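Taking it in order: structure first as C-alpha cells, then the write-up.
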Amino acid sequence: MSLSNEMRSLLSTVQVELPTAASAQVFPASSPVTGEQICELPVATIGEVSKAIDESVAAFMVWRSVPAPKRGELIRLFGEELRANKKELGRIISVEVGKVISEGQGEVQEMIDICDFAVGLSRQLYGLTIATERPDHRIMENWHPLGPVGIITAFNFPMAVWSWNAVIALVCGNSVIWKPSEKSSLSAIAAQAMMERAMKRYQEANGPLPKGLVSMVLGLRDIGEALVESPKVPLISATGSTMMGRQVGMRVAHRFGRSILELGGNNAAIVTPSADLDITVRAAAFAAMGTAGQRCTTLRRLFVHESVYETIVTRLKAAYSSIKVGSPLEDGTLVGPLIDRGAFHAMQHAIAEAKAIGGTVTGGERVSTGADNAYYARPALIEMPVQDGPMLHETFAPVLYVLKYSVLDEAIALNNSVSQGLSSAIFTLNMRETETFLSVRGSDCGIVNVNIGPSGAEIGGAFGGEKETGGSRECGSDAWRGYMRRATNTINYGTTLPLAQGVEFNV
Ligand code: UN1
C-alpha cells in the first residue's frame, strides 16, 4: 500500500475527513518516509483567520464563565478519545513526520498524560491569600483566563505540543486557535478531530459549547503572522526556531501581548569519572539519535572527562555504526528520516564546518532507501578539538559533538557558554558533582538532569528553557499561570478606612 493510501485509511479508521482542497491556494502534505506527496490541503485565507479570531473571542466570553472543573470534563473526554485511538494517531505521526513507531505512540501517550494533568488542574487553579497590614482587611489573588490563545507549533511534535498548550489553556478558561506547521498538517487535522469528537460528547451531556472554542487554521507563515499581529489574541504560544521566536516575541511584545516561547536548544551532557558507563552510553544514544535528532531537547554536545573519554567514544561509535537507520514503520528501526531535504543539507553543512575546524567525523552520510525525495542519514558523532563553529548553534539533525575535559568547572562553563538554555545533564555517582551541577554555580538551563539524558521530559514538570530558548514554561508544575492573568484583590470588611503605609487623608 502506498503511504498516501495508508494515511487515507488511517484517517478514515479514526473517522477523520480531510478538508477538500477547493480553495484557490493549496499546499502539499507529504511523508518524509518516502518523500511522496499524500494530498493537497487548502490554505486558510486571511479572511478565514479573522473570522476564526472573532469566533474565538465570542467563544471565550462564554467559556470563561463555565466552572473550571466542568471545563476539565471536556479535557477528560478528549483524553478518552486519545486513548481509544492511540495506535492509529501514533501511526499517523510516524507516517507524516517519520517518527519510529514507539516514538509516535509515545507522543500520543504524552498527550494523554497532559490531559490527565489538566483534568486534575481544573480543580486546582489556586490563588494565594496574603496577610495585610490593616485590620479587618484581606488580600487575595484571583486567576482569570486571558482570551483566545494562538498556538503555533513545529513539525517535530505535531500533536503533543498543541495538546499541552491547548488543554491547559482550555481548563484555564481560554479559547484556542492552532496554526500547525505546514509540514505536519495531517497530524494536526487528526488531533483537532479528536477534540471535536470530545466536544460533541460533552455537548450531548452538558449542553451547547460556543462555536470556535477550539479552532485551527492551516497554511504557511502568513497565517501564523495574522495571529501574531492580532490584538484580539492576548497570548501567543510559539514553538520553533530562535529566529522564528525572535520575530514572534518582538511583534507580540510590540502590541503588549504575551508570548510563551519554546525555541532552540543546544543541549549538553557531562560525563564525569564516576559515571555509570552503561547508563551513560544508552542515555546519550537515545538523546542524540532518537527522533533522528529532531527534538528541541536532543543531546547535541557531550563533554567527557579525559579518564573515561576513550571508553565512552569507543562505545558510542559502536552504537552509532550499529543503529538501524531506515523506514520508521519497520520493526527494529531506531532512526527514521529527516523531515526534508533542507534538514539534510543543514546537517551536511554543520558536518563540513566541524571538519574545517578540526572535527573528526564518524557517520553523517546519506543512507539510500531508493526514494530520491526521502532523506535518511546515519547519525554523526564528531570529536571536536574546541567548542566552536557549528557546536554553538542548533542544527536540527542527529549530530553529536564530543569534547574532552579535565576539571568539572571547565565542563560546566562549556555547558553554559552557548546562547541557548533548554536542557542539560550530568552523568555521575558523585554527590558533590551532582549538587554542584544542580546548584546556582551549575547548569544555567531550564532542565537539569542527573543520570538521564536531556530529552524525553515527563509532562509533570515545567518544560522550557532560558536565554535564546525563550524563557517560558509549558506543561506541568505551575506553568498554567502563563495562560492566565492575576488580579490582586484587597477587601475591607471593617467599619473604618485605614490607608496603607499609614497615610492620613481626612476629608
Ligand atoms: C520538542 O522537541 O519540541 O522532552 C518537545 C522531550 C519531549 C518534548 C520535546 N517531552 O523530549
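Numbers for residues simply follow the sequence, beginning at 1. Read the numbers this way: they start at 1 and go in the same order the structure lists the ligands and their atoms. Predicted model only: the values in this text are computed from it and were never measured.
Ranking the protein heavy atoms by distance from atom 4 (O) of ligand 1 puts A457 N, 2.7 Å first. Here the heavy atom of the protein found nearest to atom 10 (N) of ligand 1 is E110 OE2, 2.6 Å. Atom 8 (C) of ligand 1 has W164 CH2, 3.7 Å as its closest protein atom, hydrogens excluded (heavy atom only). Among all protein heavy atoms, the one lying closest to atom 6 (C) of ligand 1 is G456 N, 3.2 Å. Here the heavy atom of the protein found nearest to atom 11 (O) of ligand 1 is T297 OG1, 2.6 Å.
Counting only N and O atoms by type, the side chains of N430 and S274 include no donor and acceptor under 3.5 Å apart. A donor atom on one side chain and an acceptor atom on the other are found under 3.5 Å apart for Q192 and E196. Between the side chains of Q387 and Y405, no donor-acceptor pair of N or O atoms lies under 3.5 Å. For T242 and E394, the side-chain atoms include no donor-acceptor pair closer than 3.5 Å. Side-chain contact check for Q109 and K86: at least one donor-acceptor pair (N or O, by modelled atom type) lies under 3.5 Å.
Looking at every heavy atom in both residues, V14 comes nearest to I92 through CG2-CD1, 4.2 Å. Of all heavy-atom pairs spanning G326 and T333, the tightest one is O-CG2, 3.3 Å.
Taking 4.0 Å as the cut-off between side-chain N and carboxylate O, E468 and R246 count as a salt-bridged pair.
The proximity of E262 to ligand 1, defined as any non-hydrogen pair under 4.0 Å, does not occur for either the backbone or the side chain. Residue contacts with ligand 1, taken as heavy atom pairs separated by less than 4.0 Å, do not involve F396 at all. Residue-level proximity to ligand 1 for N156 is carried by the side chain, the only part with a heavy atom below 4.0 angstrom.
The closest approach between F155 and ligand 1 stays at or above 4.0 Å for every heavy atom of the residue.
Looking at ligand 1, you'll find an N or O of R295 within less than 3.5 Å of one of its N or O atoms. Of the polar atoms of C296, at least one N or O is found under 3.5 Å from an N or O of ligand 1, judged by distance alone. Where the criterion is an N or O separation shorter than 3.5 Å, residue side chain and backbone included, F157 fails it with respect to ligand 1. Residue Q294 places no N or O, backbone or side chain, under 3.5 Å from any N or O of ligand 1. Ligand 1 has no N or O atom lying under 3.5 Å from any N or O atom of F463, backbone or side chain.
Heavy-atom contacts from other residues, nucleotides or ligands closer than 6.0 Å to NZ of K232 number 12 or fewer.
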